[in-house]
Amino acid sequence: MTTNPFTHRHLLGIQGLSPSEIGFLLDLSNGYVDQNRRADKKQSTLRGRTLINLFFENSTRTRTSFELAGKRLGADVINMQVSTSSVTKGETLIDTAVTLNAMHLDALVVRHPDSGAVKLLSEKVNCAVINGGDGCHEHPTQALLDALTIRRRKGRLSGLTVAICGDVLHSRVARSNIHLLNIMGARVRVVAPKTLVPAGIERLGVEVFFDMRAGLADCDIVMMLRLQNERMSGNFIPSIREYFHFFGLDYAKLAQARPDALIMHPGPMNRGFEIDSDVADDVERSVIREQVEMGVAVRMAVLDILTRPDREAV
Amino acid sequence: MGQPTPGRIAYVNARLLDPASGLDAQGGVLTDGETIVDFGPALVNDGDLGGDTEVFDCKGHCLGPGLVDMRMQLREPGYEHKETLENAGEAAVAGGITSMVCLPNTQPVIDDAATLEFVARRARLLGLAKVYPYGAVTKGLHGKELAEMGMLAKAGALGFTDGTRAVADAQVLRRALSYAATFDLLIVQHPEEPSLAQDGVVNEGEMATRLGLSGTPACAEAILLARDVRLAELTQARYHAAHLSTAEGIEVVRRAKARGVRVTCDTAPFYFALNESAVGDYRTFAKLSPPLRSEEDRQAVVLGIKGGGIDAIASDHSPQDQDSQRRPFAQAAFGGIGLETLLPVTLELFHNGQLSLLQALRLVTSAPADLLGLTAGRLRKGGAADLVIFDPVRVWKVVADDLVGKSGNSPFDGRLVRGRVIRTVVDGRPVFAASD
């Protein structure tokens, strides 16, 4: 029995992970990238194991990515899409956990609109839990796939300057990335109108810019966030038009970044809202499609490592 | 009343504490029936008390007036699954509280005399801690039309508040204050600007950002208070701000007092003994309204108590059942229980040198009683025999599941505290005796 370099039972967030744990996950993911590019992609690592994707929020990409990751490792994968309205009406999260335990799962991916909900569920179920995004809190596999994308392109994370731009306030992607990039020694900036910058964000180790050109100056990575229309209740921005004018990524603003700066976006994109279509499709600099590919590999690595203790115990 | 009249009981060998008069001496209290017949240093032994007098040896422990809790929430009528009046009464006397003032946010709301009388009568029949209701400021707590404050006051309402909701509309509050001033009634406000607090579930700042939770900025308190004290000044009414939690809010009240505005305020143990870090990893028991604040604000609340800017301490007792608490943080109910921890957590201010024992006790006895016009909260010959005997140094651990009350949502769960109630007496009847 080998020692497991990643000893956490669950992956609930990036906060609290060490540089070596993140480095290990990225190395493991890298191996899966190569495997996924072969003709025969299927493995039997998780044969006989059951993975449930429990989604309390609509998602196509993340769910599909986890589904593919599970299937490529040979697991039986079930998708459960739960509408949150029925949950608030009746069954509590605790009831859901009891139901899931009766199904003898090996791993559970959860996405939930409330911060902390995945952790609450993880305390009540008997299997490894992966946070597939909880409220405005964390989305750890997204940060890992972003890091893998950057590391493969730039050869490192340490010392890079990364500008995270857009709706940081409502973004779990931004939070997980801020934690990961800080842990790995990158310099992190956030760029957004003040209404979309959460209070005290500088204490998480970022420099805040309200001017996008200044924020993008000399940066290595431009990470755009989705403008969450559904979360725009209230007056966070006056209009999409005004937002795009000041904070949308176009070539004029991008010119401030380093010439070899990479453009990233967690998807799905709102073309013309936060990112100009031409920039998004720039084959030289946009790595948005690559992020999707890395996503499957990262999720395979996470499923692999979290189920290892159980598999090795047999 | 249905309850037998108690006989003569002499509580001897006590450290007598009466914050209202400043008495702190060895002595005892003699009760006969429902009232205090005598008390003082002379009452030291049982030699001359008469043959049929029962003697209770306090063994040198503290004996003082029962606590007056000026802000707690009842769940009966309407939400008995969270706590009944009897549960609340038992929890209160276990915490040394002999009088408590409940918010009108029951179901139905205490916005008419009939509901108020129902609650008061039910509590009287139980014979546990006495319950004095606040009446609603507005009908149904909707913040629009004034409730019948005059009639409610005649029926026994000690003051008027919309409970956990702020009276948001300035004109409505102005009229409420004006109308209340007609009868010299007290208006109690939940001081939080509702539009700034509407999405907030924790204090705004780094912690909220890390947890991905919406925060309420600390200034939501000072903003509403600044408006309210001006309206109190305009109307010459008596205004009381409940559970202050911020440095800025305390300062607004302090300045208004200095200008002669008839304004007072209280805080709750949560706000001087805990800060936002108690929320930790989404602990819903620490989800309070107003939210637990920063360490700087917590220290300001301690200083406010010490310097006299804060007039009283109330438990802010708010029982919630497990189904309301075992939820994702944003969906969980606000509030924590506090009846059984009011005394020991308030005593922390004594143990850590911020206040004398009498000063600490005054904030939970005569100070709130005076604010509300109650005669309780002091030792007085001929007054009701509402007493508490406690050991101020006994250490115990707050374990939510072991508390007397029905709901276990204590933000102090797991905390080591000092100060244990040994016996509580209401109207001359022992209603609580410690088992250990």
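Proteins come first, then strands; the chains are lettered A, B, ... in the order of their sequence lines, and each starts at number 1. Because the structure is a prediction, the values reported are computed rather than measured.
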* B:Q299 atom CD, neighbour heavy-atom count above 12 within 6.0 Å -> yes
* For B:R174, does the CZ atom sit with more than 12 other heavy atoms under 6.0 Å from it, leaving out its own atoms? -> no
* To do: Tell me, for A:E202 versus chain B, whether the close heavy atoms (under 4.5 Å) come from the side chain, the backbone, both or neither.
  => neither
* Counting only heavy atoms closer than 4.5 Å, note whether A:R203 contacts chain B via side chain, backbone, both or neither. => both
* Asked: Who are the side-chain contact (heavy atoms from CB on, under 4.5 Å) partners of B:T246, not counting sequence neighbours?
  -> B:A218, B:E221, B:E248, B:R293, B:D297
* Structure fact -> Hits for side-chain contact (heavy atoms from CB on, under 4.5 Å) against B:D281, two or more places apart or cross-chain, chain-then-number order -> A:K119, B:L211
* Heavy-atom closest pair, residues A:H112 and B:P328 -> CE1-CG, 4.0 Å
* Asked: Checking B:T209 side chain against A:A199 main chain: does a donor-acceptor pair fall under 3.5 Å?
  -> yes
* **Any donor-acceptor N/O pair, B:R210 side chain to A:L204 backbone, under 3.5 Å** => no
* To do: Heavy-atom pairs under 4.5 Å with chain A are the metric here; pick the option from B:M207, B:R326, B:E204 that has the most.
  => B:R326
* Output the distance between atom CG (A:D114) and atom CZ (B:F329), rounded to the nearest 0.5 Å. => 11.0 Å
